[in-house]
Visitor: 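Structure provided below as structure tokens; questions to follow.
Model, not experiment: these values are computed from the prediction. Atoms within a ligand are numbered from 1 in the order they appear, just like the ligands themselves. Hydrogens, waters and symmetry mates are skipped; everything else that's a heavy atom, side chains included, is used.
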Amino acid sequence: MIQYQHSLEELNSFRISAKAEAYLALERLDQLALLSDWRNRPNYILGGGSNILLAGDLPGLVIHNQLKGKRLVGQDQEFVYLEVAAGENWQELVLYSLANNWAGLENLALIPGSVGAAPVQNIGAYGVEFSEVCHLIQAWDMQQQRFCKFESTDCQFAYRDSIFKSLYPGRFIICSLVLKLRRQPSYRLDYGNIREEIGDQPLSIRAVAEAVMRIRRSKLPDPKELPNAGSFFKNPLVAAEKLEQLLAQYPKMPHYLQADGRLKLAAGWLIDQAGWKGKRMGAVGVHERQALVLVKYAEARGQEIVQLAEAVQQDIAQKFGVNLVPEVNYWP
Ligand SMILES: Cc1cc2nc3c(=O)[nH]c(=O)nc-3n(C[C@H](O)[C@H](O)[C@H](O)COP(=O)(O)OP(=O)(O)OC[C@H]3O[C@@H](n4cnc5c(N)ncnc54)[C@H](O)[C@@H]3O)c2cc1C
């Protein structure tokens, strides 16, 4: 049932102490009927809280998705179709797919958070994005108070983006997904140093996932030990002319050609070059090994992280003429 003035401190990976005016743990679909009174108030759909920054207390309702369940809904020669409820844990799903020898999620191992959040920013890692395994999304429309279905092509998936993030934040509660997983693996080993990490081991989806997990553990701070929300900024996309200007000044600047012809820069490299790696502002700072990750060293308000992020953004804009856009969602 709805609870009032609910603490969110344990429910976000930055461990920011903030309260929700109202809070509902969504465990069953019939609870969605309770939400009609809230449709004209601000609402926030919460999964594992690993991609949000609580900038202050939240007016309105936090809907904490805890819907559980998995079932096979179809199969053909090439694929199995697995329906997964949105409140399932992403990493547990990856392990479940490995145990069944279903391929497609191995490069996405160890991304924190819930299954329902995966389409929102089209999670991606090590050369693979969620959109590649997405078949169908089932969601509750808060505005129209009814269920609706989205095919993968309806979602406008892009780099860390989808309609759920940019067009309709808070409108659709994703309740379940149908994933399309391969019976035969189609390995993606060229990103990062997966190949080197696997070494002489026989190639399998488990070997890939384990390599990805080892690399991630060595690079990224564990939010349980040092609160953070992973990559704080998106890698910026620039036009070819802008890249040329930058390369004239910084010939070693990493850049990656995208399918749409734009070029992706490495936000972490820019932040590192600008001298922010390891810098602290009071209780918060830029991680000492991974410049793309902002961390909270001691008790701090969300506003302190907002201020740090703004200082980094201003400096990068001034030094490189590049705008960094947060990947993390600011609430409110
Ligand atoms: C250490 C670390 C490493 C990370 N590495 C990666 C990475 O490699 N790649 C990557 O893409 N991300 C990464 N992230 C970010 C994060 O793990 C993902 O964005 C993840 O999908 C967030 O899941 P969550 O359940 O915690 O979402 P939350 O933080 O709870 O929510 C994130 C957004 O999704 C919305 N949302 C959540 N659930 C639903 C739902 N059921 N219906 C509708 N909207 C919903 C929320 O409203 C919010 O806007 C990392 C984070 C951390 C802390």
Visitor: Applying a 4.0 Å heavy-atom criterion (strictly less than), which segment of Arg216 is in contact with ligand 1: side chain, backbone, both, or neither?
Guide: side chain
Visitor: So if you build clusters from Ile, Leu, Val, Met, Phe, Trp, Tyr with side-chain heavy-atom gaps below 4.5 Å, do Tyr250 and Leu263 land together?
Guide: yes
Visitor: Report the part of Val120 in contact with ligand 1, treating N, CA, C, O as backbone and CB onward as side chain, heavy atoms under 4.0 Å; options are side chain, backbone, both, neither.
Guide: side chain
Visitor: Would Ile174 count as being in polar contact with ligand 1, using the rule that some N or O on each side must be under 3.5 angstrom apart?
Guide: yes
Visitor: Check each heavy atom of Tyr168 against ligand 1 and say whether those closer than 4.0 Å belong to the side chain, the backbone, both or neither.
Guide: neither
Visitor: Please confirm whether Asn65 comes within less than 3.5 Å of ligand 1 when only nitrogen or oxygen atoms on both sides are compared.
Guide: yes
Visitor: Does a donor on one side chain and an acceptor on the other come within less than 3.5 Å for Gln138 and Glu83?
Guide: yes
Visitor: Side chain, backbone, both or neither: which part of Phe172 has a heavy atom under 4.0 Å from ligand 1?
Guide: backbone
Visitor: Hydrophobic cluster membership, with links at side-chain heavy-atom distances under 4.5 Å among I/L/V/M/F/W/Y: are Phe164 and Leu136 in one?
Guide: no
Visitor: Could you work out, for atom 10 (C) of ligand 1, the closest of Gln290, Gln121, Gln66, Lys165 by heavy-atom distance?
Guide: Gln121
Visitor: Among protein heavy atoms, which lies nearest atom 14 (N) of ligand 1, and at what distance?
Guide: Ile111 CG2, 4.2 Å
Visitor: Please confirm whether Phe164 approaches ligand 1 to less than 4.0 Å, judged on its heavy atoms.
Guide: no
Visitor: Where is the nearest protein heavy atom to atom 40 (C) of ligand 1: which residue, which atom, and how far?
Guide: Ile45 CG2, 3.5 Å
